Novice: 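Okay, handing you the structure first.
Computed from a predicted model, the values in this text were never measured in an experiment. Both backbone and side-chain heavy atoms feed into the values below; hydrogens, waters and symmetry mates do not. Nothing fancy with the numbering, it's 1 onward along the sequence.
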Amino acid sequence: MGKEFEVVREFETDASPEEVWAAITTGTSGWLWPTEYEPGEGGPVTVWDPPRRLTSREEFPEGAGPQLLNRLDQRIEPRAGGGSWVRYVHSGVFVDDWDDQYDGIGKHTDFYLHTLRQYLEHFTGRQAAFTSLDAPAASAAPGALETVTRALGVPDGAAEGDTVRIEVPGTGPADAVVDFRNAYFLGLRTGDAMYRIFGRNHFGAPVGVSVHDFAPGADPERTEGAWQDRLAGLFA
């Protein structure tokens with residue numbers, strides 16, 4: 001038997017409802033990961049009401065993973081004076097480790113939705129070359145997130161809003177804004193890309209990296225290889 005969970009977040013953005021809708025349906029590689037939706041209701045999509053509401057539901061057989069049920073409900077309303085108000089609800093049923101699962105999904109939700117807002121503010125309408133990878137298994141150890149952060153050149157004292165000089169694997173030196181930083185995650189934004197570092201070592205898993213590269217000609221395979229080489233050297 002599982003136990004239900006619900007994570008609710010609300011935020012405002014200067015982006016129009018149409019821009020938010022595009023971001024969550026056709027622009028997901030720019031802030032989350034590539035997701036394809038067939039317009040209209042059917043399959044996992046239970047509500048398709050552009051640009052106001054998108055709802056999906058998936059069920060999983062027992063023993064197939066940590067969840068039995070996963071629901072996403074995203075509502076978008078125009079804001080007085082322009083922009084949008086967004087309500088995001090992620091709910092479902094966890095099979096076990098409810099407290100840890102709920103804690104992890106809440107923290108990840110905050111980071112993903114922050115990245116969505118960054119996309120809407122700085123890159124809306126642009127398609128990204130998306131890369132996602134995990135560091136070696138040794139990065140599941142305490143302090144691994146800090147190891148990656150320092151290797152990129154981010155000072156320990158750098159706070160959100162600071163501009164830092166980083167060394168991007170496969171690209172070289174770049175000025176980046178620290179757009180998100182806490183004990184679990186690091187977000188870096190340059191003029192052409194967003195780098196998301198996931199300290200999943202806090203949850204017993206390897207450190208993860210996602211790259212949303214908006215530069216013309218960006219090559220995800222080359223990006224992945226460069227990051228894998230860097231991370232392998234850090235956690236040899």
Novice: Taking Val8 as the starting point, is it possible to reach Leu116 by hopping between hydrophobic residues whose side chains are less than 4.5 Å apart?
Specialist: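 No, Leu116 and Val8 fall in different hydrophobic clusters.
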Novice: State whether the number of non-hydrogen atoms from other residues, nucleotides or ligands found under 6.0 Å of Glu167 atom CD is greater than 12.
Specialist: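 Yes, enclosed.
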Novice: Answer yes or no on whether Arg200 is positioned over the face of Phe198, meaning its NZ or CZ is under 6.0 Å from the six-membered ring centre and within 45° of the axis.
Specialist: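 Checked: cation-pi criterion met.
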Novice: Would you mind reporting whether Arg126 and Asp192 have side-chain heavy atoms less than 4.5 Å apart?
Specialist: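 Yes, their side chains come closer than 4.5 Å.
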Novice: Do Arg79 and Ser84 have a side chain donor and acceptor closer than 3.5 Å?
Specialist: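 No pair is found: no donor N or O on one side chain lies under 3.5 Å from an acceptor on the other.
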Novice: Quick one: do Phe11 and Phe185 end up in the same hydrophobic cluster if we chain Ile, Leu, Val, Met, Phe, Trp and Tyr together by side-chain heavy atoms under 4.5 Å apart?
Specialist: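 Hydrophobic grouping puts Phe11 with Phe185.
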Novice: Looking only at the side chains, is there a donor atom on one of Arg9 and His90 sitting less than 3.5 Å from an acceptor on the other?
Specialist: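 No, His90 and Arg9 have no side-chain donor paired with an acceptor closer than 3.5 Å.
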Novice: Among side-chain atoms of Thr55 and Asp73, is any donor-acceptor pair under 3.5 angstrom?
Specialist: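 Per modelled atom types, Thr55 and Asp73 side chains form a pair under 3.5 Å.
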Novice: Could Glu59 and Arg57 be called an ion pair, given the rule that one side-chain N must be under 4.0 Å from one carboxylate O?
Specialist: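 Yes, Glu59 and Arg57 are salt-bridged.
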Novice: Could you tell me if Arg189 sits above the aromatic ring of Tyr195, with its cationic atom closer than 6.0 Å to the ring centre and no more than 45 degrees from the axis?
Specialist: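 Output no; distance or angle outside limits.
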Novice: Show the numbers, then the answer: is there a ring-ring contact (aromatic ring centres under 6.0 Å, His included) between His212 and Tyr119?
Specialist: CA-CA 10 Å; His212 309 273; Tyr119 170 77; 8.5 Å; no
Novice: Under a 4.5 Å side-chain heavy-atom rule over Ile, Leu, Val, Met, Phe, Trp and Tyr, are Phe130 and Ile197 clustered together?
Specialist: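 No.
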Novice: Walk me through whether Glu160 and Arg181 qualify under salt bridge (charged side-chain N to carboxylate O under 4.0 Å, His left out).
Specialist: CA-CA 6 Å; Glu160 291 181 7; Arg181 190 174 199 183; over 6 Å; no
Novice: Examine Phe111 together with Phe180 and report whether their ring centres are nearer than 6.0 Å.
Specialist: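 Yes, close enough.
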Novice: Relative to Tyr184, does Lys107 satisfy both conditions: NZ or CZ under 6.0 angstrom from the six-membered ring centre, and within 45 degrees of the ring's axis?
Specialist: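 Yes.
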Novice: Is a salt bridge present between Arg75 and Asp49, judged by a nitrogen-to-oxygen distance below 4.0 Å?
Specialist: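 Salt bridge between Arg75 and Asp49, a charged N being under 4.0 Å from a carboxylate O: no.
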Novice: Quick one: do Phe214 and His122 satisfy ring-ring contact (aromatic ring centres under 6.0 Å, His included)? Show the steps, please.
Specialist: CA-CA 11 Å; Phe214 302 93; His122 299 281; over 10 Å; no
